[in-house]
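Reading through the structure tokens given below for one structure.
In what follows, residues are counted from 1 in the order of the sequence shown. Remember, predicted model here, so these are calculated numbers, not experimental data.
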Amino acid sequence: MSLLLQYGIIVSAWIISLLLILVIPRQKRRLAMVAFLFKQYMTCIFGHAVVELQLLAYPVRELADVSRTSFTYEYMAYPMTCAVFNVFYPSHRGRWIQFGYYVLFTTVLTVVEVLIEQYTDLIRYIRWNWFWSWATIFLTFLMTRAFCVIYFGTLTRAETAKQQNAASTTRS
């Protein structure tokens, strides 16, 4: 595949990731931002570890002099997908629906990655395969969701306590 077409895929990933911002409702932007930043943090650690252990490689990448990981995938497309995942997570649905939501997002991302690996030079599996991608994507989505639930659960309790303190102060 030509280098121009591969960079076209990278630019398309940026455009799609930026357009995903438009589907995030205003009242859930904080949740999206926290999920995005937490996922970036995790992918920074996991992405560098996987590349340094030579489990996979990114032969064609941006900022090649700075990092051996894919900047677009690790810092934009994957975290933005996770932000959308968390914003539209079916928290008030049954456990099977929630599990299916994880499986759907994980499988779609894995299929796209496998297709990119097979037909481009954007990623190359060395001692890696689709199962490891699926498992790590699933795990990081789970960790990000847990972080957001804990973070916003704690934040909600703190705001509630603050409001109760303010109400009791005005009564005194």
Side-chain angles (χ1 to χ4, degrees), residues 1 6 8-24 28-63 67-91 93-152:
M1 181 175 269
Q6 292 180 74
I9 292 171
I10 291 171
V11 169
S12 298
W14 274 90
I15 291 169
I16 291 167
S17 296
L18 292 172
L19 287 175
L20 284 176
I21 293 171
L22 300 175
V23 302
I24 297 172
K28 294 200 174 189
R29 286 190 182 153
R30 284 180 17 173
L31 170 61
M33 189 176 299
V34 168
F36 181 85
L37 293 172
F38 186 76
K39 181 65 98 175
Q40 274 188 335
Y41 175 73
M42 281 194 310
T43 59
C44 177
I45 294 168
F46 290 139
H48 282 286
V50 166
V51 168
E52 292 302 319
L53 293 171
Q54 297 180 350
L55 301 176
L56 57 82
Y58 297 99
V60 176
R61 63 188 182 275
E62 326 78 338
L63 307 172
S67 175
R68 294 184 357 195
T69 64
S70 171
F71 186 79
T72 297
Y73 182 72
E74 305 283 350
Y75 296 101
M76 186 59 161
Y78 189 31
M80 184 54 77
T81 304
C82 187
V84 171
F85 171 88
N86 276 280
V87 164
F88 294 106
Y89 184 79
S91 57
R93 304 286 302 269
R95 297 267 185 220
W96 285 106
I97 299 291
Q98 293 173 358
F99 180 73
Y101 192 73
Y102 278 100
V103 170
L104 175 68
F105 268 80
T106 301
T107 302
V108 168
L109 284 171
T110 303
V111 167
V112 169
E113 181 179 294
V114 167
L115 291 173
I116 288 172
E117 194 272 335
Q118 287 179 347
Y119 297 108
T120 71
D121 289 329
L122 296 175
I123 187 170
R124 187 176 69 237
Y125 293 164
I126 299 170
R127 291 175 297 172
W128 195 260
N129 60 41
W130 69 267
F131 175 77
W132 289 112
S133 288
W134 194 94
T136 56
I137 291 169
F138 188 91
L139 180 65
T140 57
F141 268 78
L142 194 64
M143 291 168 62
T144 304
R145 182 68 194 155
F147 179 82
C148 288
V149 166
I150 291 167
Y151 178 80
F152 285 103

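Taking F38 as the reference, F147 meet the ring pair (Phe, Tyr, Trp, His ring centres under 6.0 Å) condition, with sequence neighbours excluded.
Closest approach of N86 and L31 over heavy atoms only: O-CD2, 3.5 Å. Scanning both residues, P90 and Q98, for their nearest heavy atoms gives O-NE2, 3.2 Å. Of all heavy-atom pairs between A83 and A32, the closest is CB-O, 3.4 Å. Heavy-atom minimum distance, I24 versus M80: CD1-SD, 4.4 Å. For the residue pair K28 and V87, the shortest heavy atom distance occurs at NZ-O, 3.1 Å.
Here the OG1-CD1 distance, from T110 to I137, works out to 4.0 Å after rounding to the nearest 0.5 Å. Between T144 atom OG1 and K39 atom NZ the span is 4.0 Å, to the nearest 0.5 Å. Atoms OG1 and CE, from T136 and M42 in turn, are 10.0 Å apart once rounded to the nearest 0.5 Å.
Ring geometry for F141 versus F105: interplanar angle of 30 to 60°, hence tilted.
In this model, no donor atom of one side chain and acceptor atom of the other lie less than 3.5 Å apart for E113 and Y78.
Using a 4.5 Å cut-off on side-chain heavy atoms (C-beta onward), W134 and V103 make contact. At least one side-chain heavy atom of I123 sits less than 4.5 Å from a side-chain heavy atom of L56. You'll find the side chain of R30 reaches within 4.5 Å of the side chain of F152, heavy atoms only. Side-chain atoms of F36 and C82, non-hydrogen and from C-beta on, never get closer than 4.5 Å to each other. Looking only at side-chain heavy atoms (C-beta outward), F46 and T140 come within less than 4.5 Å of each other. When side chains are defined from C-beta on, S133 does not count as touching V114, because their heavy atoms never get closer than 4.5 Å.
Looking at W128, W132, Y125 one by one, the single match for side-chain contact (heavy atoms from CB on, under 4.5 Å) with L55 turns out to be W128. F138 pairs with exactly one of Y102, F85, Y101 by the ring-ring contact (aromatic ring centres under 6.0 Å, His included) rule, that one being Y102.
Residue-environment remark: CE (M143) exceeds the threshold of 12 foreign heavy atoms within 6.0 Å.
Side-chain atoms of T43 come within 3.5 Å of backbone N or O of Q40 as a donor-acceptor pair.
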